[in-house]
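Within every chain, numbering begins at 1; the chains are lettered A, B, ... in the order of the sequence lines, protein sequences first and strands thereafter.
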There are 2 protein chains.
Amino acid sequence: MIAAMTDPMDRQETPAPLRTLPSRLLALVASHADRIVSEGLATADARKWHYAALVALRESGPMSQAELSRRTGIYRSDLVAVINELSARGFVERAPDPGDRRRNVVTMTTAGRSHLERLDKLIADLQDTLLAPLTDAEREEFTRSLGRLLAHHTRSELR
Amino acid sequence: MIAAMTDPMDRQETPAPLRTLPSRLLALVASHADRIVSEGLATADARKWHYAALVALRESGPMSQAELSRRTGIYRSDLVAVINELSARGFVERAPDPGDRRRNVVTMTTAGRSHLERLDKLIADLQDTLLAPLTDAEREEFTRSLGRLLAHHTRSELR
DNA sequence: GGTACATCGTTAGTCGCACTAACGCAACGG
DNA sequence: CCGTTGCGTTAGTGCGACTAACGATGTACC
């Protein structure tokens, strides 16, 4: 092994140091993001999943828990607790579906709707905090890349 | 509010649907990334933390566990197990520091070094899998944005 | 020289999230 | 009818992030 030359050419050989490994950066940034969002939501006595569930209900109207689970990615096991919490706060109602008695239909209440609107503002602020160092154009490109990565990997996992 | 024109000005009003919320995308993509990397490393009987620790040791030479913890971000509580595993496989050695008897000095063995080189290749492949849908230029921009976000938020947290 | 304080490695344990297993019930398809 | 599938629920596992506390050691200050 020849020692001396600090040739720029050998960069291909050098493995990425930890600080630039995409998977690692992703994990670290995601954990910061998670903290920012969770702590922010906590100030409104809410959790990420509350928000996810409420948004899904606003977008698509009342639906069964199973459907809600698919849309939000929350496991149906864990969804039980989320619905419990939301209904305890009066934001959703859970009622058996007369058409298919296996199902519970989850419906957002008007209190839920206005709560969600408060959360919307909060979440928007938090996204802003998260992406603070990026320009608007960079934020968009960044988000689009994330979307493409997600689409790619959720597809290839279903395959 | 003047309605007609699709003025870029009103983007503020519409709350982001879940599928484009940066914090959510980040969490989902990070979890995919984590699975890809963890499963990949498992085929080489390794874990993320093994890799992180070994890379740090290669970059900076032997160091105490506390130092290693700071560099890798692994909590010193959890680092104990990592060092146990690595030393059980013969990749590092743990010896008391004669200069400061509170410390253990962790040193990478030659077996560790060659194991790390195998892992380097594996990791490079996995990053490639992860970033598959992005072009080289996009990957770089993406990674750079992640780096900036991380730097920003780790700073503001120390503040 | 003591004493208060900080650092190190370690053990144990908490918390939240992703995920599995199994159950009883209801619906559907042959 | 009966087997299969979908549903809501409970319980529990595994793991990563993180805290608390400990004994042993080192450092700083008076």
Side-chain angles (χ1 to χ4, degrees), chain A residues 23-24 26-39 41-42 46-53 62-87 92-106 153-154 157, chain B residues 23-24 26-39 41-42 46-53 62-87 92-106 153-154 157:
Chain A
S23 60
R24 170 165 239 257
L26 215 32
L28 293 174
V29 174
S31 107
H32 280 282
D34 192 73
R35 259 191 332 117
I36 290 172
V37 170
S38 297
E39 288 175 5
L41 285 177
R47 306 192 189 179
K48 297 181 292 179
W49 287 342
H50 295 191
Y51 186 68
M63 61 184 95
S64 73
Q65 295 186 196
E67 189 56 29
L68 200 46
S69 162
R70 284 181 219 106
R71 303 235 187 195
T72 57
I74 305 173
Y75 266 64
R76 66 189 216 275
S77 329
D78 302 323
L79 191 55
V80 176
V82 176
I83 303 295
N84 285 344
E85 292 164 5
L86 286 175
S87 84
V92 304
E93 272 163 5
R94 173 161 41 190
D97 181 341
D100 181 344
R101 302 208 324 269
R102 293 170 303 178
R103 288 181 166 83
N104 281 342
V105 179
V106 181
H153 287 106
T154 46
E157 144 189 296
Chain B
S23 61
R24 170 165 239 255
L26 216 31
L28 293 174
V29 174
S31 107
H32 279 284
D34 192 72
R35 260 192 330 117
I36 290 172
V37 170
S38 296
E39 288 175 4
L41 285 177
R47 305 191 190 183
K48 299 182 292 181
W49 287 343
H50 295 190
Y51 187 67
M63 62 183 96
S64 72
Q65 293 185 198
E67 189 55 29
L68 201 47
S69 163
R70 284 181 218 107
R71 303 234 187 197
T72 56
I74 306 172
Y75 268 65
R76 65 186 217 270
S77 330
D78 303 323
L79 191 56
V80 176
V82 176
I83 303 296
N84 286 343
E85 292 164 5
L86 286 175
S87 83
V92 304
E93 271 162 8
R94 173 161 42 189
D97 181 342
D100 181 343
R101 302 207 324 268
R102 294 170 304 180
R103 289 180 166 83
N104 282 341
V105 179
V106 181
H153 287 106
T154 46
E157 142 189 297

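On a pure distance criterion of 3.5 Å, a polar donor-acceptor pair joins the side chain of A/Asp78 and the base of C/dC19.
No donor-acceptor pair under 3.5 Å is formed between the side chain of A/Ser87 and the backbone N or O of A/Glu93. The closest donor-acceptor contact from the side chain of B/Ser64 to the backbone of B/Asn104 lies at 3.5 Å or more, if one exists at all.
Across all strands, A/Ser31 comes closer than 4.0 Å to no nucleic acid atom at all (heavy-atom distances).
Looking at heavy atoms from C-beta onward, B/Val106 lies out of side-chain contact with B/Glu67 at the 4.5 angstrom threshold. Here the side chains of B/Asp34 and B/Lys48 are in contact, with some heavy-atom distance below 4.5 Å.
Once rounded to the nearest 0.5 Å, the distance linking CZ of A/Arg35 with OG of B/Ser23 reads 13.5 Å.
Close to C/dT10, at under 4.0 Å from its OP1 or OP2, lies a side-chain N or O of B/Gln65. For C/dG9, neither phosphate oxygen OP1 nor OP2 lies less than 4.0 angstrom from any side-chain nitrogen or oxygen of B/Arg76. A sub-4.0 Å separation between OP1 or OP2 of C/dT20 and a side-chain N or O of A/Tyr75 is present. Side-chain N/O atoms of B/Arg94 include one lying less than 4.0 angstrom from OP1 or OP2 on C/dT10. Residue B/Asn84 places no side-chain N or O under 4.0 Å from the OP1 or OP2 atom of C/dT10.
You'll find that the side chain of B/Ser77 is closest to C/dT11, out of C/dC17, C/dT11, C/dG9. The side chain of A/Ala66 has D/dC7 as its nearest neighbour among C/dC17, D/dC7, D/dC18. The nucleotide whose nearest atom lies closest to any side-chain atom of A/Trp49 is, among C/dC17, D/dG8, C/dC8, C/dC17.
Rounded to an integer number of Å, the gap from B/Leu79 CG to C/dT7 C1' is 15 Å.
Considering every non-hydrogen atom in both A/Leu86 and A/Ala53, the closest pair reads CD1-CB, 4.1 Å.
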*Summarise how protein sits on nucleotides 24-30 of chain C as a single string, 5' to 3': B when a protein heavy atom is under 4.0 Å from the base, S for sugar-phosphate-only contact, - for no contact.*
--BS---
_Determine whether B/Arg47 and B/Glu85 satisfy the following criterion, side-chain contact (heavy atoms from CB on, under 4.5 Å), listing intermediate values before the conclusion._
CA-CA 10 Å; B/Arg47 305 191 190 183; B/Glu85 292 164 5; 3.8 Å; yes
